[in-house]
Structure formats: C-alpha cells, structure tokens
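To find a chain, count down the sequence lines: A is the first, B the second, and so on, and within it residues start at 1.
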Protein chains: 2
Amino acid sequence: MNYSVSEEDYIKAIYHLQRDQQTVSTNALAAELKTRPASVTDMLKKLKTKKLLHYRPYQGFKLNPEGRKVALGIVRRHRLWEYFLAEKLKFGWNEVHDVAEELEHVGSRKLIDRLDEYLGFPRFDPHGDPIPDNAGKMHVKNQVKLTELPLNITARVSGVADQSADMLELLKHRHIAIGTNIEVIKKFDFDQSLEIKTGPGIFFSISKQAAQNIFVHYELEKEFRCIAKRSA
Amino acid sequence: MNYSVSEEDYIKAIYHLQRDQQTVSTNALAAELKTRPASVTDMLKKLKTKKLLHYRPYQGFKLNPEGRKVALGIVRRHRLWEYFLAEKLKFGWNEVHDVAEELEHVGSRKLIDRLDEYLGFPRFDPHGDPIPDNAGKMHVKNQVKLTELPLNITARVSGVADQSADMLELLKHRHIAIGTNIEVIKKFDFDQSLEIKTGPGIFFSISKQAAQNIFVHYELEKEFRCIAKRSA
DNA sequence: GTTAAATTTTAGGCTAATCTAAAAATAATT
DNA sequence: AATTATTTTTAGATTAGCCTAAAATTTAAC
C-alpha cells in the first residue's frame, strides 16, 4: 500500500509513457528517468512482485488496473501541488514542476483531500492537465494549440510553450494568463493570424507565431453528457 | 549544502536533545530516533566529516554553528508546515506533527520563503513553538500554563494539553482557539479559578482545572529591547 | 534464413543506511 | 584500586537502488 520515492517515480513515468494501453520499453523508461536499462529491469521485477504491472521479459510492460490506480494517486498529488504553488504561492508556471516533484511523494491521504478542498477542487493544473479527483476520475481534457481551436468555442489558456521574456511580455500586455478565457472569432488565411476575444468587448488579433505557442483546453461537456445518457 | 532525509532527521533530533549547549549521548539519540546506537555512531562520523558537529568518540557530541544553522532550517520548515496544516487545512493541533515530519524534508528555499509570506510570517506554530525566520532568528518564547500567567499581561493561546472532546467543547463555547488573546484579570485564592479577558468587554471566569490545560505565550519585548540596547 | 544490430536481462559491485554481535572505553561499585 | 556494569564503537552482514560489463534475446538487414 505504501511505495518508496523510487517506486513512485517509476510508476508515474510508466503511466505517462503508456498513452492509453500501449506497452512501454525498457529503454524508453530508462531515458525518461535518466537511469540505466539495467536499473529499470531491477525495478520492473520488484513492481511485478508487487502486482502493479504486466511484465514478460523482453516483451515490454504496462501498468495493470492496480498500478494505474496508484499512478493516478501520484498524478493527483503532483498536480494539486502544482496548482497550489501557482495559485497560492505565486510561482511561475514553469517553476512549479520541480517542487511538485518532491511534494508529490508525501503520502497522507488526508493531506491531499484537505488540500483539494482548500483549493476549491480544481480540475486542471497550471499546465492545463486534468487533476484526478479523490476517486481517480479526471475530466475530459481537450488541449490544443490556439491555432487549432475551433471557431467560437470558449477555451481556457492552459500553458505556453515558449516562455521567453519576449513571449511573456506579449502575454502580459494582452492580459493573457493561465485560466484566461479565450475564443477565436476569425482566422485569416493570408498570414494565419487570428482575431480573438478574451472578454466582453475585448477583441484583438494575434500572429500565428504567438498563437501556436499558446495552449488552451476546453471541456466537451455536451458531447460527454450525450454519451452518458445513451449508455445509461 | 543538501542533506538526505536521514541526515536531516539526525540533525533535528540532536538539535532538540541539546537544550542550549549540553552535550548529547549516543544512547539518547538512538532512543529519540528509534534506532540502534551502532547506527548513530555511523551517522555521527558522517556528520562530523561534513563539519556539522563536534564529536570525540566516547565523549558525546553537539552541533557546531553550521549544524545549528542547518537544524534551524529544518525546524523552520517543520513549523511552517504545521502552521499551514492547522490554519489553512483545518487539521487538529494534534494531527499536524506527523504530516509536517514528511513535508519538512522538501528543501526548496523559495518554497519555504513563499509559504512563510503566504501565511503572513507567523511567529509561533500551533503548539506555541517559535518559528525561525528566514535568517534563523526566533522570537522570544515564554510559554506557561494559563494558571501561571502574570496578571494583566496579554498572552496568546498556543496549545492545549488535554484535547478531549469535553475540553474542546468548553474552549469552543468560550471562543478560545490557537492565537486567541487572553489576559488574567484576577486570581481567586479560594478555588484558584481565574477571571480572564479575551477581548474588549469579554470577561468570564475559568476553573483551575481548565486553565492548567491551556498553554499561552507572550513576548518579553520591553525587557528584550533593554538588553539589546545595553549590549549595543 | 543467416548474420548483424539493437534491445533487454543477468551477473557482480558500489553506496547509504540499517542491523547484530563482539570488542573497547568509560563509569559505577564495592 | 580492582572489578563489574554500562555505554559506545568496531566489525561484518543486509537491503534498496543504482552502476558497468557481459550474456541472452529480439529485431532488422542482407
């Protein structure tokens, strides 16, 4: 039930590498963790005996349901701390990761659930990634570059790829920050610049170059409800 | 500059055992850390090579100035997290210690200084123990049972010895919590009950039995300034 | 379908932190 | 002061997590 810092790092890394149900390779995981393939093999054996993953030598591996559950717990802690650091302690979006990497290993369930409540049950971290709730459920995430956002859909800024001073200056001038609501009104084919709206009566245009560095996310609430209804 | 969880546990324990400048024994430290004397000796050698303590085999040991500096950093982190847990996440005063014990090992200086600022630079943790500031300075602590508080001095509630439901009910009814200002107006010799004041126009009496379970602290600002002036 | 290349695992070692048991030093007792 | 008891240290082993180098397996290439 309780895992070491190292074990948690492996579990989380495997979780991130196996998009959906793909199998993960030893080398890929070693690269991700900046360690050696031999070390990975050692840990795989350990995690297998702890019944957290499917693993057949030379054949790759992936988390089993229990492993995914554990991984979601770690992701939840990581992202809640990121949210806390950015929202309450005013850390920059690019500074939160490393500190959260340490805080995520503090295991107390009560701590995390209370923190979640204190923060108002946020559903996305400062990078726009969804935060699992205390049952491990995540909201639908649909993160795209601003250039790919469909017209007339209100999305929220979730992150910025290029965090240079120049880019940040531009964002600051336009009052764009994490969480800002944003909507694409029109796309100009000539230079692929975008006419956007960030609030009532606030319209301006933004270059393709800037837009492709801005990530936004939006929830597919309606579609999701329909599916839920159908299956009910 | 960076210490392992184990090293930090040892440093903190030594700090707490050496009230003032007393020397600490191997057995005492082993008992404190629930480990074996042989393990303590091993770690002492390590901490000595890292120049954190004075240590001569068989003669006991104590932190040197550098060791005390490191210890104060750990104590600062521990107590700030305790304050955060109690104040923001509504943990009970008796629940904060174990979680803070884990959080204290997250080393980021920036995290702690930002947390300190976010909390409003608190000077005492929920148990009434002083929190070192970012330079390692602590305010004078003068913690006594309410029964021993001199008359007409405003003190602040720092903790409660008996945390039974009955006691907490009484405190709640009187609106007494950590940080509540409190002043003893009169002591009745007959039953040693106290007439106290907890705010403008708020006076009531409290039994000896209750009062001796309430800890308060007050700062000796005037006296301290005098000493400072003299030595300057 | 062999051979070559890449991947993965095994074998054996290293360090930090712990332990037990035995030896050394200090403290207490008569 | 000599002996006993206590405390502390040393010696040697263990475990988790990592490493390098070599062997085993799978994949790719001819």
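- Listed by first and then second residue, the salt bridge (charged side-chain N to carboxylate O under 4.0 Å, His left out) pairs involving residues 105-116 of chain B are E95(A)-K110(B), R76(B)-D113(B), R76(B)-D116(B), R109(B)-D113(B) (not counting sequence neighbours).
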List the atom pairs, with distances to 0.1 Å, where a side-chain N or O of residues 6-19 of chain B and a protein N or O form a donor-acceptor pair under 3.5 Å, not counting sequence neighbours.
unit_1: E7(B); atom_1: OE1; unit_2: S4(B); atom_2: N; d: 2.8
unit_1: E7(B); atom_1: OE2; unit_2: K46(B); atom_2: NZ; d: 3.0
unit_1: E7(B); atom_1: OE2; unit_2: K50(B); atom_2: NZ; d: 2.9
unit_1: E8(B); atom_1: OE1; unit_2: R77(B); atom_2: NH2; d: 3.2
unit_1: E8(B); atom_1: OE1; unit_2: H105(B); atom_2: ND1; d: 2.7
unit_1: E8(B); atom_1: OE2; unit_2: R77(B); atom_2: NH2; d: 2.9
unit_1: D9(B); atom_1: OD1; unit_2: H105(B); atom_2: NE2; d: 3.1
unit_1: K12(B); atom_1: NZ; unit_2: E101(B); atom_2: OE1; d: 3.2
unit_1: K12(B); atom_1: NZ; unit_2: E101(B); atom_2: OE2; d: 3.3
unit_1: K12(B); atom_1: NZ; unit_2: E104(B); atom_2: OE1; d: 3.2
unit_1: K12(B); atom_1: NZ; unit_2: E104(B); atom_2: OE2; d: 3.2
unit_1: Q18(B); atom_1: OE1; unit_2: L63(B); atom_2: N; d: 2.8

Using a 3.5 Å cut-off and no angle test, enumerate the donor-acceptor pairs between side-chain atoms of residues 28-38 of chain B and protein atoms at least two apart in sequence or in another chain.
none

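- In this view, E87(A) and Y83(A) satisfy the side chain to side chain contact (heavy atoms under 4.5 Å, CB included) rule, not counting sequence neighbours.
- The CG-P distance, from D42(A) to dG12(C), rounds to 14 Å in whole Å.
- If you take OH of Y55(A) and C1' of dT8(C), they are 7 Å apart, rounded to a whole angstrom.
- There is no side-chain donor-acceptor pair under 3.5 Å between T147(A) and Q212(A).
- Between K48(B) atom NZ and dT9(D) atom C1' there is a gap of 14 Å when expressed in whole angstrom units.
- Considering only residues two or more places apart in sequence or on other chains, T49(A) meets the side-chain hydrogen bond (donor to acceptor under 3.5 Å, both in side chains) condition with none of them.
- Applying the side chain to side chain contact (heavy atoms under 4.5 Å, CB included) test to D98(A) and every residue at least two apart in sequence or in another chain returns nothing.
- One finds no side-chain N or O of Y3(A) lying less than 4.0 angstrom from the OP1 or OP2 phosphate oxygen of dA16(D).
- Counting only distance, with no hydrogens or angles, the side chain of S25(A) and the backbone of G60(A) share no donor-acceptor pair below 3.5 Å.
- Judged as a side chain to side chain contact (heavy atoms under 4.5 Å, CB included), and not counting sequence neighbours, the contacts of E66(B) are L52(B), N64(B), K69(B), V70(B).
- Nucleic acid contact for F61(A): none, since no nucleic acid atom lies under 4.0 Å from a heavy atom of the residue.
- Residues of residues 32-41 of chain A having a heavy atom closer than 4.0 Å to DNA chain D, listed by number: T35(A), R36(A), A38(A), S39(A).
- Dashed line: the shortest gap from a side-chain N or O of K45(A) to OP1 or OP2 of dT9(C) is not under 4.0 Å.
- With rounding to whole Å, L44(B) atom CG is found 10 Å from dT8(D) atom P.
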Which nucleotides of nucleotides 23-28 of chain C have their base under 4.0 Å from a protein heavy atom (B), which only their sugar-phosphate (S), and which neither (-), written as one string 5' to 3'? -BSS--
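- Counting only residues at least two apart or in different chains, ring-ring contact (aromatic ring centres under 6.0 Å, His included) contacts with residues 36-82 of chain A comprise H78(A)-H97(A), W81(A)-F84(A), W81(A)-W81(B).
- If you measure from atom CG of L29(A) to atom C1' of dT7(C), you get 14 Å, rounded to the nearest angstrom.
- In the region residues 5-12 of chain A, proximity to DNA chain C at under 4.0 angstrom, judged on heavy atoms, holds for none of the residues.
- Straight-line distance from the CG atom of N27(B) to the C1' atom of dA5(D): 13 Å, rounded to whole Å.
- Under the side chain to side chain contact (heavy atoms under 4.5 Å, CB included) criterion, A86(A) pairs with V96(A), P126(A), not counting sequence neighbours.
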